[in-house]
Structures are given as C-alpha cells and as structure tokens.
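As structure tokens, the structure follows; a few thoughts come after it.
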Amino acid sequence: MIIPIRCFSCGKPLAHLWQDYLSHIKAGKTPKKAMDELGVERYCCRSVFLGNADLADIIGRFRKG
Ligand SMILES: [Zn+2]
C-alpha cells in the first residue's frame with residue numbers, strides 16, 4: 001500500500017523519504033545502505049520501509065469513474 005506517513009512505533013515522519021529510498025534501491029544500493037543514508041536508524045522505522053509493498057500505482061488503476 002502507501003507508505004505510512006509516520007513510523008507506527010516512534011512517530012518519526014517517514015513518507016517524505018520513500019521516493020528517495022526507491023531511487024537509492026533502483027541505483028543498486030542495498031536497503032541497509034539506503035536507510036543509513038536517509039537517516040533512518042531505529043529498527044522500528046526500518047521495518048516500515050522493509051515491510052512496505054509499493055502498490056500505490058496498481059491501486060490507482062481501480063479508481064472510480
Ligand atoms: Zn520508528
């Protein structure tokens with residue numbers, strides 16, 4: 001789905017980092033390196049990135065009308 005705006009556990013805002021994270025991954029970096037560079041340090045926040053399935057584009061095809 002869409003990345004949660006904030007980390008569920010600690011409340012750190014994360015959604016603004018998602019596109020940067022994806023571009024790091026596309027550039028061939030490991031998730032660890034990408035999250036280190038974005039300043040996502042706590043493992044609760046890291047789990048939000050690692051556990052998120054990016055379905056926003058797929059779901060967007062099923063809009064009304
Ligand atoms: Zn967190």
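For ligands, and for the atoms within them, numbers begin at 1 and follow the listed sequence.
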Using a distance threshold of 2.8 Å, what protein N/O/S atoms lie below it relative to the Zn ion (ligand 1)?
Cys7 SG, Cys10 SG, Cys44 SG, Cys45 SG
Non-hydrogen side-chain atoms of Pro31 and Ile25 separated by less than 4.5 Å:
yes
Going through the checks in order, is the side chain to side chain contact (heavy atoms under 4.5 Å, CB included) test met by Trp18 and Ile2?
CA-CA 10 Å; Trp18 179 244; Ile2 300 165; over 6 Å; no
Test Leu55 against every option in Asn52, Asp57, Ile59 by the side-chain contact (heavy atoms from CB on, under 4.5 Å) rule and name the one that passes.
Ile59
Starting from Val48, can I reach Leu50 by hopping between I/L/V/M/F/W/Y residues whose side chains sit under 4.5 Å apart?
yes
Give the intermediate values and the outcome of side chain to side chain contact (heavy atoms under 4.5 Å, CB included) for residues His24 and Met35.
CA-CA 9 Å; His24 281 306; Met35 289 185 287; over 6 Å; no
pair Val40-Tyr21: side-chain heavy atoms closer than 4.5 Å:
no
